[in-house]
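This report refers to the structure that appears directly beneath it.
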There are 2 protein chains.
Amino acid sequence: MAETDRATRSRLTRGGILRAAIALADERGLDGLTMRALADGLGVEAMSIYHHLPNKDAILDGAIEEVFAEIAAETLASAPAVPNGAAVTPAPAWDAAVGARILAARRVLLRHPWVPWVLNARGAPGPNAARHVDGIVAAMHDGGLAYDLIHHALHALGSRVYGYVQELSDDGGELPAGALEQLAMVAPNLAAMLAEVVHDDPDSTLGWCDDQTEFEFGLDLLLDGLVRRAADPSLPPVE
Amino acid sequence: MAETDRATRSRLTRGGILRAAIALADERGLDGLTMRALADGLGVEAMSIYHHLPNKDAILDGAIEEVFAEIAAETLASAPAVPNGAAVTPAPAWDAAVGARILAARRVLLRHPWVPWVLNARGAPGPNAARHVDGIVAAMHDGGLAYDLIHHALHALGSRVYGYVQELSDDGGELPAGALEQLAMVAPNLAAMLAEVVHDDPDSTLGWCDDQTEFEFGLDLLLDGLVRRAADPSLPPVE
DNA sequence: CGTGCTTGCCTTACGGCGTAAGTCTTACGT
DNA sequence: ACGTAAGACTTACGCCGTAAGGCAAGCACG
């Protein structure tokens with residue numbers, strides 16, 4: 001109701017701005033997404049946008065969240081569909097389940113090629129992004145993987161799917177105080193994994209992600225796989 | 001001699017500018033690398049730089065090439081050192097050799113975290129970059145891998161090491177006419193691989209890199225490796 | 001029925017970016 | 001000694017994100 005009320009006098013909405021921003025970036029690339037061009041497309045002056053979003057970074061963050069909503073829809077659409085709330089389903093292999101989720105994400109990202117750039121440039125992901133990762137963590141956990149291995153897996157897969165430019169950062173994170181509790185609301189599996197991984201680290205609290213270790217883990221994964229495929233060319237996906 | 005001659009009247013050199021640009025980007029990040037700041041550090045006005053390099057992209061390209069020279073030095077330094085031009089050396093496993101090259105590259109990139117961004121944003125690599133890849137191709141080829149598999153491997157490793165934001169591009173390349181001959185001069189193994197891979201493609205000339213195929217190949221590599229490590233936790237690198 | 005406040009958009013302006021165009025200075029070759 | 005050209009400087013343009021404030025429309029309230 002408030003929505004319709006406002007619509008009579010304000011044609012600008014947070015959601016509308018974000019949708020326009022996504023369309024603009026899709027069409028003209030990230031460089032083409034400027035405040036002035038965005039406002040132009042909305043039939044408005046640039047500064048008017050600032051009454052709905054505080055700055056350009058907020059637009060980028062919001063657009064990313066919108067895209068993760070799209071990924072969630074795509075993931076759901078490509079799921080095998082369990083109509084009733086059945087108890088024990090056939091349970092596909094965890095790797096197939098994870099692969100399906102990642103391929104769904106990729107299908108969406110192909111429509112928004114600028115997303116990995118923004119993802120790389122900016123820090124904390126929003127709730128939709130957390131939910132997406134949470135689904136992957138859940139699928140792996142259901143498959144019996146230990147949180148420790150899941151953690152490594154996320155690093156290895158992250159750089160491939162979302163284009164994480166690699167963890168060339170050293171920082172490690174040191175997530176703020178109440179963050180874990182808040183994360184648990186929206187992404188319980190991810191939060192559980194983080195809690196365990198952080199706890200296991202003897203140095204605790206700081207530097208809980210050793211970038212070098214993660215890098216070498218992913219590298220070994222790839223090299224091992226290549227060795228096996230070189231030894232036995234009949235292995236699945238050498239096409 | 002010309003170098004010293006010029007030095008008396010021109011303190012600015014192409015090489016000096018590139019080195020200053022690298023230092024500035026290392027110190028203040030890619031955003032801190034502006035023409036004005038760069039000129040300032042060189043004790044000069046911004047526009048003076050344009051007498052030695054045509055534009056900022058040329059500076060970035062040149063800096064990247066300089067970094068790949070650094071990678072070459074690091075790779076050489078970390079090599080097991082074959083003093084005399086011996087014929088048949090013990091020949092380490094190809095995956096160890098490739099791993100060593102990639103880790104050497106990473107060591108250098110950690111000193112220049114902005115490099116993957118530039119690498120992602122810009123197109124054709126220079127000769128030093130080509131030589132680096134050529135070394136990896138050579139190591140794999142010596143290990144008996146088929147060019148086809150090597151090609152897939154490069155895609156899979158590229159996104160991890162150099163942060164290729166993934167091949168979210170669709171374009172495929174269609175390398176220009178004389179490019180292959182020119183590439184053969186500096187990177188014969190890479191050129192040989194390209195020649196064969198391009199030739200094998202029934203559609204030839206255009207779209208010789210199927211991004212979806214490459215993506216799924218790399219994804220399967222990772223998932224397979226994770227499955228194996230989940231099944232047998234004693235496998236090497238789960239730390 | 002005013003009247004004043006809030007909301008939403010617009011106008012203007014600032015500092016910083018890459019760089020096009022033109023000017024001055026300097027040191028060399030003759 | 002002097003013309004010349006290379007190399008640095010000056011100025012200026014059109015972009016960018018956004019700070020500061022103006023102005024009109026609709027609502028709450030006397």
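We name chains A, B, ... by the order of the sequence lines, and we start the count at 1 in each one.
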Quiz item: Looking at the rings of His141(B) and Tyr147(B), which for Trp means the six-membered one, are their centres under 6.0 Å apart?
Solution: yes

Please state how far atom [atom1] in [X] lies from atom [atom2] in [N], giving the value in whole angstrom units.
X	N	atom1	atom2	answer
Ile49(A)	dC16(D)	CD1	C1'	13 Å
His51(B)	dA20(C)	NE2	P	12 Å
Tyr50(B)	dG22(C)	OH	C1'	16 Å
Asp57(A)	dC16(D)	CG	P	16 Å
Ile17(A)	dG17(D)	CD1	P	14 Å

Quiz item: Which pairs count as salt bridge (charged side-chain N to carboxylate O under 4.0 Å, His left out) when at least one residue sits in residues 114-128 of chain B, sequence neighbours excluded?
Solution: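 Sorted pair list: Asp57(B)-Arg122(B), Asp61(B)-Arg122(B).
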
Quiz item: Which pairs pass side chain to side chain donor-acceptor pair (under 3.5 Å) with one or both residues in residues 27-45 of chain B, sequence neighbours excluded?
Solution: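 Listed by first then second residue: nothing to list.
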
Quiz item: In degrees rounded to 10°, what angle is found between the helical axes fit to the five outermost pairs at each end of the helix from dC1(C)-dG30(D) to dT30(C)-dA1(D)?
Solution: 20°

Quiz item: Once the angle between the rings of His132(B) and Phe68(B) is folded into 0 to 90°, is it parallel (under 30°), tilted (30 to 60°) or perpendicular (over 60°)?
Solution: tilted

Quiz item: Within the structure, does a side-chain N or O atom of His52(B) lie under 4.0 Å from either OP1 or OP2 of dA6(D)?
Solution: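 Indeed not, no polar side-chain atom of His52(B) lies that close.
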
Quiz item: Quick one, which residues of residues 20-48 of chain B touch DNA chain C with a heavy atom under 4.0 Å?
Solution: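 Contacts with DNA chain C under 4.0 Å: Leu33(B), Thr34(B), Met35(B), Arg36(B), Met47(B).
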
Practice problem: Check the side chains of Glu70(A) and His112(A) for a donor-acceptor pair under 3.5 angstrom, ignoring hydrogens and angles. | Solution: yes

Quiz item: Who passes salt bridge (Lys or Arg N to Asp or Glu O under 4.0 Å) against Glu66(A), sequence neighbours left out?
Solution: none

Quiz prompt | Test ring-ring contact (aromatic ring centres under 6.0 Å, His included) applied to His51(A) - qualifying residues, sequence neighbours left out | solution = none

Quiz item: With no hydrogens and no angle check, is any side-chain donor or acceptor of Thr75(B) less than 3.5 Å from a backbone partner on Ile71(B)?
Solution: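 Indeed, once roles are kept as given, a pair shorter than 3.5 Å links the two residues.
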
